[in-house]
Number of protein chains: 4
Amino acid sequence: MAEDSTAGQNSADEQWIEELLSISKEEKMTPKQISILQAAIEVFSEKGFSATATSEIAQKAQVAEGTIFRYYKTKKELLLAIVGPTMSRMIAPFVLRNFNGVLDVPFDSYEEFLRAFIVNRLEFARKNFKIIKIVIQEIPFQPALREQFMENVLSKVLERVIAITEHFKEKGQLIDVPTPAIIRFTISSAAGYLLTRLLLQPEKEWNDEEEIDLTIRFILHGIGGSPSK
Amino acid sequence: MAEDSTAGQNSADEQWIEELLSISKEEKMTPKQISILQAAIEVFSEKGFSATATSEIAQKAQVAEGTIFRYYKTKKELLLAIVGPTMSRMIAPFVLRNFNGVLDVPFDSYEEFLRAFIVNRLEFARKNFKIIKIVIQEIPFQPALREQFMENVLSKVLERVIAITEHFKEKGQLIDVPTPAIIRFTISSAAGYLLTRLLLQPEKEWNDEEEIDLTIRFILHGIGGSPSK
Amino acid sequence: MAEDSTAGQNSADEQWIEELLSISKEEKMTPKQISILQAAIEVFSEKGFSATATSEIAQKAQVAEGTIFRYYKTKKELLLAIVGPTMSRMIAPFVLRNFNGVLDVPFDSYEEFLRAFIVNRLEFARKNFKIIKIVIQEIPFQPALREQFMENVLSKVLERVIAITEHFKEKGQLIDVPTPAIIRFTISSAAGYLLTRLLLQPEKEWNDEEEIDLTIRFILHGIGGSPSK
Amino acid sequence: MAEDSTAGQNSADEQWIEELLSISKEEKMTPKQISILQAAIEVFSEKGFSATATSEIAQKAQVAEGTIFRYYKTKKELLLAIVGPTMSRMIAPFVLRNFNGVLDVPFDSYEEFLRAFIVNRLEFARKNFKIIKIVIQEIPFQPALREQFMENVLSKVLERVIAITEHFKEKGQLIDVPTPAIIRFTISSAAGYLLTRLLLQPEKEWNDEEEIDLTIRFILHGIGGSPSK
DNA sequence: GATGAATGAGCTTTCATTCAT
DNA sequence: CATGAATGAAAGCTCATTCAT
């Protein structure tokens, strides 16, 4: 329905709703807490974690300074509260289909997988742009974050992606190159598009479908011309 | 050989110490100033600019805190003094050969260009790893930095790279895909290798020559297996 | 009687505590804020504005240093908060009787006016001695202060005093000398008494009534002996 | 002589020359030292002693920072070096004629004395305006200064002025009022003119001769009209 | 729960003073 | 003599955190 399709195109500012929903399954959040998180996401992504004053978050959240510390013992804990759940959801599409240990690859071709992967992560990145920016900025400086990322995100994603890659290698859809390299090529190319699309030239008019097609074709066949022929 | 030609380009980068310290160009730097810069690079890259206390820089540089401010009026000025010259040197290999407006492409094949480019930038990134990390971390938050980067680095590099790309497109060595996309694919793939190599898995034993070969082959021909068809 | 009428004017000044603390007018002040102001007045008048450390104010006010800056964003703002209201009250007796534009001179003789004026300002100066000292010390160096003084205090007082002076000149009670000179003579003589009384020889035993009588007689008749002939 | 009278009208900025001459009798000053003093006078009078940085003095004097401390061990010593000699010269006209204890009053009338006194001190104040400003500003805060002023200046001047006053009281030229009061009246009136003339309205066009006449007439006869007569 | 006044450690920056050259 | 690099104590100010209300 129109409802749904437009919902998919929701403004980036509403990213928190989705986030909150996934949290609300665990614990209820008060409106104050929600606006604290909203404000913190806003200011952290704009100024960086260290350069952000809790007083500014409080002001933007229309909340007393003390209230922030009622919910989150320290400023760092507030950071983790924002970034943790989003990191979990980064891997959702990879683990969802992997439950009960069955290695099932629901794609007929690597191309199909690639397209689903890029489209899906583009959507995710669009919705969680600010939080992702925070994650990337702070991972180098927050050991807790890096550890969580390595253990809960990267390793699980890799595990899954390795399986998929080798699945298609066996099917002959991928050339016989070490799996880590193939994964690196794929992710580099996909991430290159996402970054250009959302960060470097966000205001440019993009034809996503076309660009994704180009990107996939590149991943599969490269950019080398065949003049020899 | 590619080895030699890139080595020739490297020679510009090899002066990095002198150039970073701008000894050969503007004024001499005192040992104190040098150790301030070194300490600042160390701590900024380790903790981030905002989270770094000038007192820590002073301590690491074995210098009184006031001494820092004799050389750099503010902490931000110190940041720019570190980052500015390095940004200039990021583009050195691109502008060097572009002098007097002649569009000369000193490579017979795109592959040759690619190899020279990757080898050269890998060397540069290895030597300037910490500073590059600082640049990447602070560009989103320091308008002065972003502006300088956009105007002095990115635009000049792109201008040159566009010329090179279209040169090889005309020679039929590259497929007929919009130039921006080709550049994006190339840079994504190269950067993907550099990041993995230096940031994500720096401790892994890397066979650079082999990996660069793989990466170039990927850029030119992709990872799609042909036999499946 | 002069006594009564000046007492009536004094009543405005007698509220100095409340008024300085602006309790009756704008907002309530906390005890901490009051003791900050009191400590600041003390130390500023004793050491001068520039030579006063905020840490000393904090210590004297039994308050953490940060608390000062909760109430006053900068040290200079604290100065203005002390000095501003007092400057306003310097002119109170002059504007009070000037309401609704009517030029009324509630004194039968210049002598009566003089006595009321000197008594009233002596009282005011006695009560606000330290603040006045601060004002005088800082006016040459604080443009904001000087401007405020010129526009809000001096011009209004002069306007009123000119009117009074010309009123008594018309009545023949004052000789025909340019009004600015007359005002200068009067204020010099009155201020000369106040300064000697409060600043130069504060510990001397003063018979104020007698000295004021002498001063008024001087202003009116000078010190020239008549028998010279 | 013409020499002398024009020398008396020297521009205010050359006040230091006169000062230096009076010092040079004791010890030679180097050009550096002179420009340090000049610069210090300038900046102290403009910003106040405490708010002045020695670095600014050095800069304005075209001298290295260390040079200042070669001549004056501390910043305060520099202040005293400026202010001390000038204070001595404040009393010059009073002590000059008082040598060998003879009480000689070289004036036939108090009026004559007054005129000489005011003209002379106006000239002095004009030449030493900036230094006098510094003296007045810093006396409240520098005990050393206050002590020197009290002992070396005020007491000697008073001693002399008391003698003069009583001389003319005996001659019947002054009314029989306590001498301290008479002195106060005289000095207040004279100082009132000097301050108005040099500080409050320096840019106004003044007819000094006329104003001094008015002031003297005021001191002697007051401003009271004689309508009753 | 929610507040926001209060804190004090710590920040960046200034500055009088020293001293090797 | 003169310099100016170097110092480090102290300045003004910020900010994460606490706690009485």
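Chain A is the first sequence line, chain B the second, and so forth, proteins listed ahead of strands; every chain is numbered from 1. Everything numeric in this text was worked out from a predicted model, so none of it was measured.
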Query - Position toward the 5' end of DNA chain E (nearest nucleotide), B:Phe69 or C:Gln62 - result: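 Comparing both residues, the 5'-ward one is C:Gln62.
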Report summary line: The residue, B:Gly66 or C:Gly66, whose nearest nucleotide of DNA chain E is more 5′ is C:Gly66
Query raised in the report: Is it true that atom NZ of C:Lys60 has more than 12 heavy atoms of other residues, nucleotides or ligands lying nearer than 6.0 Å?
Result: yes
Can you measure [X] atom [atom1] to [N] atom [atom2] for me and round it to whole angstrom units?
| X | N | atom1 | atom2 | result |
| --- | --- | --- | --- | --- |
| C:Glu56 | F:dG12 | CD | P | 10 Å |
| C:Leu78 | F:dC13 | CG | P | 10 Å |
| C:Ile57 | F:dG12 | CD1 | C1' | 11 Å |
| D:Ile34 | F:dC1 | CD1 | P | 13 Å |
| A:Gln59 | F:dC15 | CD | C1' | 14 Å |
| A:Phe49 | F:dC15 | CZ | P | 13 Å |
| A:Lys47 | F:dT14 | NZ | P | 13 Å |
| A:Ile68 | F:dC15 | CD1 | C1' | 12 Å |

Over all atoms of both residues, closest heavy-atom pair of [X] and [Y]:
| X | Y | result |
| --- | --- | --- |
| A:Gln142 | A:Lys76 | OE1-CE, 3.2 Å |
| B:Leu79 | B:Phe44 | CA-CE1, 4.1 Å |
| B:Met87 | B:Leu145 | CE-O, 3.9 Å |
| C:Phe149 | C:Ile139 | CG-CD1, 3.5 Å |
| B:Pro85 | B:Ile82 | CD-O, 3.8 Å |

Requested in this report: Please say whether the positively charged group of D:Lys75, taken as NZ for Lys or CZ for Arg, lies over the ring of D:Phe49, i.e. under 6.0 angstrom from the six-membered ring centre and within 45 degrees of the axis.
Outcome: yes
Query raised in the report: Is A:Thr30 touching bases, backbone alone, or none of the nucleic acid, heavy atoms closer than 4.0 Å?
Result: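 No contact at all - A:Thr30 keeps every heavy atom at 4.0 Å or more from the nucleic acid.
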Requested in this report: Answer with base, sugar-phosphate or nothing: what part of the nucleic acid does B:Ser50 contact at a heavy-atom distance below 4.0 Å?
Outcome: nothing
Query - F:dG12: pairing nucleotide in any strand, Watson-Crick or G-U under 3.5 angstrom - result: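 Pairing partner, where one exists within any strand: E:dC11.
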Query - Partner nucleotide of F:dA20 by Watson-Crick or wobble geometry (both distances under 3.5 Å) - result: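 F:dA20 is paired with E:dT3.
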**Report entry** Residue whose nearest DNA chain F nucleotide is more 5′ - A:Glu65 or B:Lys32
**Finding:** B:Lys32
Query raised in the report: Taking for each residue the nucleotide of DNA chain F bearing the nearest heavy atom, is the 5' side occupied by C:Thr74 or by B:Pro31?
Result: B:Pro31
[N], OP1 or OP2 - any side-chain N/O from [X] closer than 4.0 Å?
| X | N | answer |
| --- | --- | --- |
| D:Tyr71 | F:dA2 | yes |
| A:Thr54 | F:dC15 | no |
| A:Ser55 | F:dC15 | no |

Query raised in the report: Nucleotide range of DNA chain E contacted by chain B, 5' to 3', under 4.0 Å to a heavy atom?
Result: E:dC11 to E:dT14
Query raised in the report: Do the side chains of B:Leu78 and B:Ile57 get nearer than 4.5 Å, heavy atoms only?
Result: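 Side-chain contact under 4.5 Å: yes.
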